[in-house]
Amino acid sequence: MASTLLSPDCSTSAITARHLIPLKRKLLPAAIQFVSFERSLSSPWSPSLCLSPSASKYRTVVSAADPGSMTTLDTTAKIIDGKLISQQIKDEVSAEVTRLREATGVVPGLAVILVGSRKDSQTYVRNKKKACEAVGIKSYEANLPEDCTESEVLRHIEEFNNEPSVHGILVQLPLPRHINEEKILAGVSIEKDVDGFHPLNIGRLAMQGRDPLFIPCTPKGCMELLHRYNIDIKGKRAVVIGRSNIVGMPVALLLQKANATVSMVHSYTKSPEDITRQGDIVISAAGVANLVRGSWLKPGAVVIDVGINPVDDTNSPRGYRLVGDVCYEEASKVASYITPVPGGVGPMTIAMLLSNTLLSAKRIHNFK
Ligand code: GUN
């Protein structure tokens with residue numbers, strides 16, 4: 001993989017990249033300790049800088065009609081606007097919540113369980129709560145201390161499982177190390193598993209001819225973006241980078257369900273750039289800043305960037321900025337469609353959580 005970081009466009013970046021992680025750890029506030037989708041497995045992937053604003057080899061071509069002239073094709077990718085689409089979805093959810101409430105008196109309810117005091121998880125939970133309020137979903141919260149026991153978490157889950165006003169339950173991940181994530185996720189009633197992480201829901205997602213009760217939110221958000229931009233999936237080659245339980249694995253299953261031919265690239269894949277270059281659709285959820293260079297992409301590929309990675313930026317008042325897994329400067333000159341970071345997949349996750357909670361309330365109350 002190291003060779004891929006030493007492309008001519010980025011000759012100094014490999015040296016800088018080696019210093020990026022320790023520097024980042026020193027400078028970034030605790031609020032920005034993001035969950036890395038793939039890197040947590042002591043991955044050999046390392047972050048890269050992509051400083052080249054031009055990537056000019058993709059821009060200037062010789063016109064076929066007039067081979068003597070150099071013509072610059074406008075190959076700038078169309079932006080897939082996750083902020084806009086997520087707002088549309090929230091408006092749709094809000095209208096349906098009102099219809100449900102007026103017809104039946106039922107108000108959808110979402111319970112969020114947060115264990116410990118990770119700043120990033122606290123921020124996510126706060127944002128989920130705010131989003132619920134905005135569309136008329138009632139939110140419930142259980143905040144448990146870092147050192148609570150597994151049975152305490154399971155007891156709270158059981159209470160929410162039995163509470164009729166709660167239609168969705170979400171246990172914020174990651175959990176502290178001493179708590180067995182598998183046991184916790186299996187404790188959530190599958191009828192209220194709005195995260196779609198219960199083994200039965202994931203199992204159904206993986207099987208032909210079966211459907212889960214819920215689809216995990218970030219993967220569902222990626223698919224929704226493709227659908228709402230009328231991007232064909234059937235028969236296309238799709239490449240998923242990263243194989244986490246939260247994004248990579250379920251999004252690959254969804255693409256396969258949608259009849260794409262799917263390859264997965266992960267930290268032990270040989271020549272990841274060659275595999276990625278075969279993709280008509282590339283979804284990256286590696287959690288490594290600027291991993292995917294312009295040269296990794298097939299011209300015209302559709303690029304969905306799930307990464308949200310902090311990198312040092314002395315020009316920003318916060319001392320850092322957020323970038324995706326994909327080197328946007330380069331990729332936007334090769335791809336046909338691309339999601340920005342921020343403002344791409346990020347806002348879709350919460351929109352899908354609201355949508356799943358509404359779906360659950362309607363299903364439980366048999367409301368069409
Ligand atoms: N942590 C990061 N992403 C997610 C998510 O989609 N659901 C939960 N429960 N925890 C997360």
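The basis for the numbers below is simple: all heavy atoms, side chains too, and nothing from hydrogens, waters or symmetry mates. We count ligands from 1, going down the list as the structure has it; atoms in each ligand are counted the same way.
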Participant: For atom 1 (N) of ligand 1, which candidate among Thr218, Asn245, Leu173 holds the nearest heavy atom?
Facilitator: Leu173
Participant: Do the side chains of Lys236 and Asp280 get close enough for a salt bridge, i.e. N-O under 4.0 angstrom?
Facilitator: no
Participant: Please identify which atoms of ligand 1 are closer than 4.0 Å to at least one heavy atom of Val171.
Facilitator: 8 (C), 9 (N)
Participant: Could you check whether any side-chain N or O of Arg321 sits under 3.5 Å from a backbone N or O of Val311, counting only pairs where one atom can act as donor and the other as acceptor?
Facilitator: no
Participant: Backbone N or O of Val323 within a donor-acceptor pair of the Asn309 side chain at under 3.5 Å?
Facilitator: yes
Participant: Give the atoms of ligand 1, by number and element, whose distance to some non-hydrogen atom of Leu170 is under 4.0 Å.
Facilitator: 9 (N)
Participant: If only atom types and distance count, is the side chain of Thr123 paired as donor or acceptor with the main-chain N or O of Lys119 below 3.5 Å?
Facilitator: yes
Participant: I'd like to know if Glu163 pairs up with Lys138 as an ion pair, taking the criterion as any Lys NZ or Arg NE/NH1/NH2 lying under 4.0 Å from an Asp or Glu carboxylate oxygen.
Facilitator: no
Participant: Side chain or backbone, does Thr349 bring an N or O within less than 3.5 Å of an N or O on ligand 1?
Facilitator: no
Participant: Would you mind telling me if ligand 1 is within reach of the side chain of Tyr124, the backbone, both or neither, using heavy atoms under 4.0 Å?
Facilitator: neither
